[in-house]
Amino acid sequence: MRNPQKNPKPMRNLLKFLLSLTVALLLMMAFRTLVFTVYSVDGDGLEPIFTAGDRVMVNRWSYGLRTGGNNQLFGYGRICHQQAQRGDIVAYEDPTDSTFHRVLFGRIRALPGDTIRYSKQTEVVPSLHNCADGDYFWIQAINEQNPLDSRQLGFISEQRIIGRACMLVFSHEPGQPFWKGYRKNQWFLLMK
């Protein structure tokens with residue numbers, strides 16, 4: 001009598017599937033961490049461009065990929081560094097949040113070295129030439145009624161800038177269940 005052997009094919013197929021799934025998840029995480037990230041807009045500081053509930057894709061390479069930085073082994077730097085431009089809508093870390101988790105959006109109004117006037121004061125935006133910490137920007141909310149921007153936070157360090165907003169991916173009405181409340185006219189809109 002012959003001994004029936006177990007068929008190793010189902011086990012091999014399962015291992016191939018698990019390996020493929022693991023590689024796909026790792027690639028997705030690397031893409032999200034290194035290239036594009038989607039952030040949710042909270043509040044009305046960017047109306048009429050963005051409203052609360054919008055999901056905005058941010059290009060992390062738009063000004064160069066950030067390396068090192070706060071609480072890191074190596075100092076701050078950017079791979080393929082490029083200067084942010086006046087008028088760009090950017091995502092940046094809230095300088096008052098020590099956890100680096102709160103992300104804000106705003107439009108760059110002044111570049112390093114520019115002179116600005118606000119609250120009857122005139123100041124020069126710090127740059128690498130006159131400040132040891134690096135370049136700073138004056139970033140304002142689009143909706144002037146919402147002053148959670150440089151008017152309250154002060155100058156924003158280049159280290160805090162994550163990247164340029166490049167696409168409105170979709171919009172969902174806050175407080176609605178996930179299966180309804182989508183704003184269908186605000187899907188996959190490219191930013192200028």
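Heavy-atom basis, side chains included; hydrogens, waters and symmetry copies ignored.
- A continuous path of ILVMFWY side-chain contacts below 4.5 Å connects F17 to L25, so both sit in one hydrophobic cluster.
- Note that CG of L18 and NZ of K16 are 13.0 Å apart. Values are rounded to the nearest 0.5 Å.
- In this structure, R60 contributes its side chain and I162 its backbone to no donor-acceptor pair below 3.5 Å.
- With sequence neighbours excluded, no residue forms a side-chain hydrogen bond (donor to acceptor under 3.5 Å, both in side chains) with S40.
- The nearest pair of heavy atoms linking I156 to P95 is CD1-CG, 3.8 Å.
- Across all their heavy atoms, F36 and C166 have their closest contact at CE2-SG, 3.7 Å.
- Atom OG1 of T96 and atom CZ of R102 lie 6.5 Å apart (nearest 0.5 Å).
- Remark: F155 pairs with W138 by the ring-ring contact (aromatic ring centres under 6.0 Å, His included) rule, at least two apart or across chains.
- Residues L104 and Y92 form a side-chain contact, since some pair of their non-hydrogen atoms from C-beta on lies under 4.5 Å apart.
- The main-chain N or O of Q140 is never found under 3.5 Å from a side-chain atom of R107 such that the two would form a donor-acceptor pair.
- Taking the side-chain hydrogen bond (donor to acceptor under 3.5 Å, both in side chains) definition, one finds that N59 meets it with nothing, sequence neighbours left out.
- Rounding to the nearest 0.5 angstrom, the gap separating the CZ atom in R164 from the CD1 atom in I108 is 10.5 Å.
- Between A165 and F50 the shortest heavy-atom distance is CB-CZ, 4.3 Å.
- F137 and I161 get closest at one heavy-atom pair: CD1-CD1, 3.6 Å.
- In this structure R86 satisfies the side-chain contact (heavy atoms from CB on, under 4.5 Å) test together with L111, D114, sequence neighbours excluded.
- The side-chain contact (heavy atoms from CB on, under 4.5 Å) search around L190 returns M167, not counting sequence neighbours.
- For residues 75-84, no residue pair satisfies the salt bridge (charged side-chain N to carboxylate O under 4.0 Å, His left out) rule, not counting sequence neighbours.
- Partners of W187 under the ring-ring contact (aromatic ring centres under 6.0 Å, His included) rule, at least two apart in sequence or in another chain, are F170, Y182.
- Closest of all the heavy-atom pairs between D149 and I139 is CB-O, 3.2 Å.
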Give the table of side-chain donor-acceptor pairs shorter than 3.5 Å for residues 173-180, with sequence neighbours excluded, one pair per line with atom names and distance.
residue : atom : partner : partner atom : Å
E173    : OE1  : R183    : NE           : 3.2
E173    : OE1  : R183    : NH2          : 3.1
E173    : OE2  : R183    : NH2          : 3.4

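- With sequence neighbours excluded, no residue forms a side-chain contact (heavy atoms from CB on, under 4.5 Å) with S20.
- Summarising the hydrophobic clusters (Ile, Leu, Val, Met, Phe, Trp, Tyr; side-chain heavy atoms under 4.5 Å, direct or chained), the residues clustered with L19 are V23, L27.
- Tested against L189 for a side-chain contact (heavy atoms from CB on, under 4.5 Å), the candidates L168, D54, V169 yield a single pass: L168.
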Candidate pair V90 and Y63, rule side-chain contact (heavy atoms from CB on, under 4.5 Å), full reasoning: CA-CA 10 Å; V90 296; Y63 308 119; 3.4 Å; yes
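- To the nearest 0.5 Å, atom CG of residue L65 and atom NE2 of residue H81 are 12.0 Å apart.
- Scanning all heavy atoms of the two residues, the minimum distance from P112 to Q83 falls at CD-NE2, 3.4 Å.
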